[in-house]
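In what follows, a structure is listed as structure tokens, so that the remarks can point back to it.
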Protein chains: 2
Amino acid sequence: MTMARRERLRLETIEEIKDTAWKQIGEQGAASLSLRAIARQMGMTAPGLYRYYKDRDALVTALLMDAFSSFTTSLEAGRDSCALDDHAGRFRGMCRAYFQWAMENPQRYVLLFGTPVQGYLFAEEVGPVAQRSFLVLQGVIGEAFVAGKIKGEAAALKLPTSLKVQYEALRKMGMPYTPLVTHLALSTWNAIHGLTSLFLYGYSQSFLGSQVDRFVESEIERLTMFLGLKE
Amino acid sequence: MTMARRERLRLETIEEIKDTAWKQIGEQGAASLSLRAIARQMGMTAPGLYRYYKDRDALVTALLMDAFSSFTTSLEAGRDSCALDDHAGRFRGMCRAYFQWAMENPQRYVLLFGTPVQGYLFAEEVGPVAQRSFLVLQGVIGEAFVAGKIKGEAAALKLPTSLKVQYEALRKMGMPYTPLVTHLALSTWNAIHGLTSLFLYGYSQSFLGSQVDRFVESEIERLTMFLGLKE
DNA sequence: ATATATAGTTTACACTGTAAACAGTGTAAA
DNA sequence: TTTACACTGTTTACAGTGTAAACTATATAT
């Protein structure tokens with residue numbers, strides 16, 4: 001049995017709301033997202049939206065989760081642009097996808113990794129979705145590690161025991177791969193995020209002008225070398 | 001001749017406005033900064049504030065510049081906790097100061113490096129003030145470089161010519177130190193910012209729990225080694 | 001055909017930033 | 001010392017926001 005008509009319309013409306021919200025975010029930035037404006041553009045009144053989302057935060061949460069989904073998909077696509085045994089290529093591909101997605105969806109990226117919109121933490125249902133994108137990164141490094149391709153400085157890294165304990169605890173809770181892999185993944189994540197966000201906020205650009213891409217490429221290369229995936 | 005009485009009172013009021021604003025930002029976050037609330041707390045009416053700041057953005061800009069100032073001062077203090085010839089120590093000290101300042105002033109940090117509050121770019125008068133903090137970082141690396149203390153991987157880094165050209169253009173415009181130094185400084189900045197902001201937004205914490213400090217310390221150490229300042 | 005769940009509107013309230021007109025006060029020039 | 005003016009603030013007003021409550025229309029289920 002296919003979906004009931006009611007249900008279908010409801011889902012369509014939800015999609016329309018989100019689409020309209022994204023359009024506004026794309027045009028005016030995430031900070032000034034307005035329920036009333038969304039309703040107006042959809043040809044309905046503002047309180048009507050409350051049939052679909054409890055409040056403004058709930059809508060933002062939904063947008064957040066969709067954005068994470070799209071982000072993760074892009075990372076995976078970047079990764080899969082290279083063969084399974086081309087660990088360096090997969091790593092580079094993923095890094096490039098990361099930066100490029102952020103370039104193409106600046107407001108979305110800001111929504112994910114920028115200032116928490118109003119209060120502090122976002123809703124807990126976001127956690128798992130957010131972790132999925134991290135797991136892609138960790139997976140790339142992890143697969144390289146099990147293939148024995150992590151070498152040099154990164155492989156020789158000596159973790160403080162307290163950190164190791166923490167990573168092992170994570171592992172017991174289902175986190176895949178060894179402590180070293182988790183550590184390297186976190187470290188790499190920090191690096192790429194720093195690179196991306198300082199650029200998005202216009203800081204790097206004032207130094208690098210049109211050469212941002214080169215800089216990003218050279219940083220990706222540095223990370224690849226640090227992990228020992230190349231040379 | 002000392003300042004006229006009028007002028008003095010005016011400056012005091014400006015200070016009170018900013019203090020009140022910071023208090024609110026500290027309590028409720030930067031996003032929900034309200035002129036009316038500030039005025040209320042100061043025992044005056046909202047439109048009165050417009051005698052001191054053109055609009056909300058102008059106030060935010062002023063806050064931003066103060067925050068940058070405080071941030072830069074902290075970086076300098078961290079740096080100067082070690083002797084002039086202890087380049088590794090000065091670098092570590094500055095990095096720690098960076099992270100610690102962000103920990104102690106999360107909202108302030110978010111204001112500086114987080115989502116641009118409403119539109120996109122902030123006022124141009126902020127630029128120079130922002131650069132000052134970067135120059136501290138660059139200075140530490142630059143001084144180590146002229147002392148011949150940058151070694152290993154970092155020293156051997158091969159810059160793409162187009163990037164080099166860009167850095168040299170910056171230098172002609174007054175940026176101190178060589179292209180390599182500028183590049184390393186930018187790269188390091190990215191790393192520390194990534195580290196800091198992912199933590200502030202709660203991402204790292206979900207992985208690292210109470211071990212964040214260890215992680216940060218280990219990352220600082222990694223950067224120190226990358227620059228060749230140690231070993 | 002009737003009962004009920006859902007979708008939406010109307011109205012209302014408390015909040016925001018900010019423009020315009022006005023009043024009181026300190027300062028400076030005649 | 002009186003007159004002019006600049007400065008600081010208030011009052012009032014308007015357009016915008018999120019959202020709660022009451023109500024209405026409509027689609028579905030019985």
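Every chain is numbered from 1 and lettered A, B, ... according to where its sequence line falls, protein lines coming before strand lines.
- Salt bridge B:Glu7/B:Arg10: absent, no basic N to carboxylate O contact under 4.0 Å.
- Atom CG of A:Leu49 and atom C1' of C:dT9 are 12 Å apart (whole Å).
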Check against salt bridge (charged side-chain N to carboxylate O under 4.0 Å, His left out), B:Glu168 and B:Arg171: CA-CA 5 Å; B:Glu168 263 153 9; B:Arg171 197 166 187 200; over 6 Å; no
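- Each of C:dA7, C:dG26, D:dT19 was ranked by its minimum atom distance to the side chain of A:Tyr52; first place goes to C:dA7.
- When ring centroids are compared, B:Phe215 and B:Phe199 stay outside the 6.0 Å threshold.
- Remark: P of C:dT18 and CG of B:Leu59 are 10 Å apart, rounded to the nearest angstrom.
- Regarding contacts with the backbone of D:dA6, every side-chain N or O of B:Arg6 stays at 4.0 angstrom or more from both OP1 and OP2.
- Following rounding to the nearest Å, B:Ile38 (CD1) and D:dG9 (P) show an atom-to-atom distance of 15 Å.
- Between A:Leu9 atom CG and C:dA5 atom P there is a gap of 20 Å when expressed in whole angstrom units.
- Within the structure, side chain to side chain donor-acceptor pair (under 3.5 Å) contacts touching residues 36-51 of chain B (residues at least two apart or in different chains) do not occur.
- The distance between atom CD of B:Glu12 and atom C1' of D:dG9, rounded to the nearest whole Å, is 17 Å.
- Listed candidates were D:dA6, D:dG9, D:dT10. Nearest to the side chain of B:Arg51 is D:dG9.
- Separating the CD atom of A:Glu7 from the C1' atom of C:dA7 is a distance of 14 Å, rounded to the nearest angstrom.
- Listed by chain and residue number, A:Asp80 satisfy the salt bridge (Lys or Arg N to Asp or Glu O under 4.0 Å) test with A:Arg90 (two or more places apart in sequence, or in another chain).
- One finds no salt bridge joining B:Lys23 and B:Glu27 here, because no Lys/Arg side-chain nitrogen approaches an Asp/Glu carboxylate oxygen to under 4.0 Å.
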Only distances under 3.5 Å count here; give the side-chain donor-acceptor pairs of residues 131-140 of chain A to other protein atoms, sequence neighbours excluded, each with its distance to 0.1 Å.
from: A:Ser133; atom 1: OG; to: A:Ala130; atom 2: O; distance (Å): 2.8
from: A:Gln138; atom 1: NE2; to: A:Pro176; atom 2: O; distance (Å): 3.2
from: A:Gln138; atom 1: NE2; to: A:Thr182; atom 2: OG1; distance (Å): 2.9

What nitrogen or oxygen pairs link the protein and nucleotides 12-17 of chain D at under 3.5 Å?
from: D:dT17; atom 1: OP1; to: A:Ser34; atom 2: OG; distance (Å): 3.0
from: D:dT17; atom 1: OP1; to: A:Arg40; atom 2: NH2; distance (Å): 3.2
from: D:dT17; atom 1: OP2; to: A:Arg40; atom 2: NH2; distance (Å): 2.7

For DNA chain C, the dot-bracket pattern of Watson-Crick and G-U pairs whose distances stay under 3.5 Å, | for other-strand partners: |||||||||||||||||||||||||||||.
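- Scanning for salt bridge (Lys or Arg N to Asp or Glu O under 4.0 Å) contacts around A:Asp55 gives an empty result, with sequence neighbours left out.
- Taking the six-membered ring where the residue is Trp, the centroids of B:Tyr167 and A:Phe207 are separated by 6.0 Å or more.
- If you take OH of A:Tyr50 and P of C:dC13, they are 17 Å apart, rounded to a whole angstrom.
- Between B:Lys54 atom NZ and C:dA19 atom C1' there is a gap of 12 Å when expressed in whole angstrom units.
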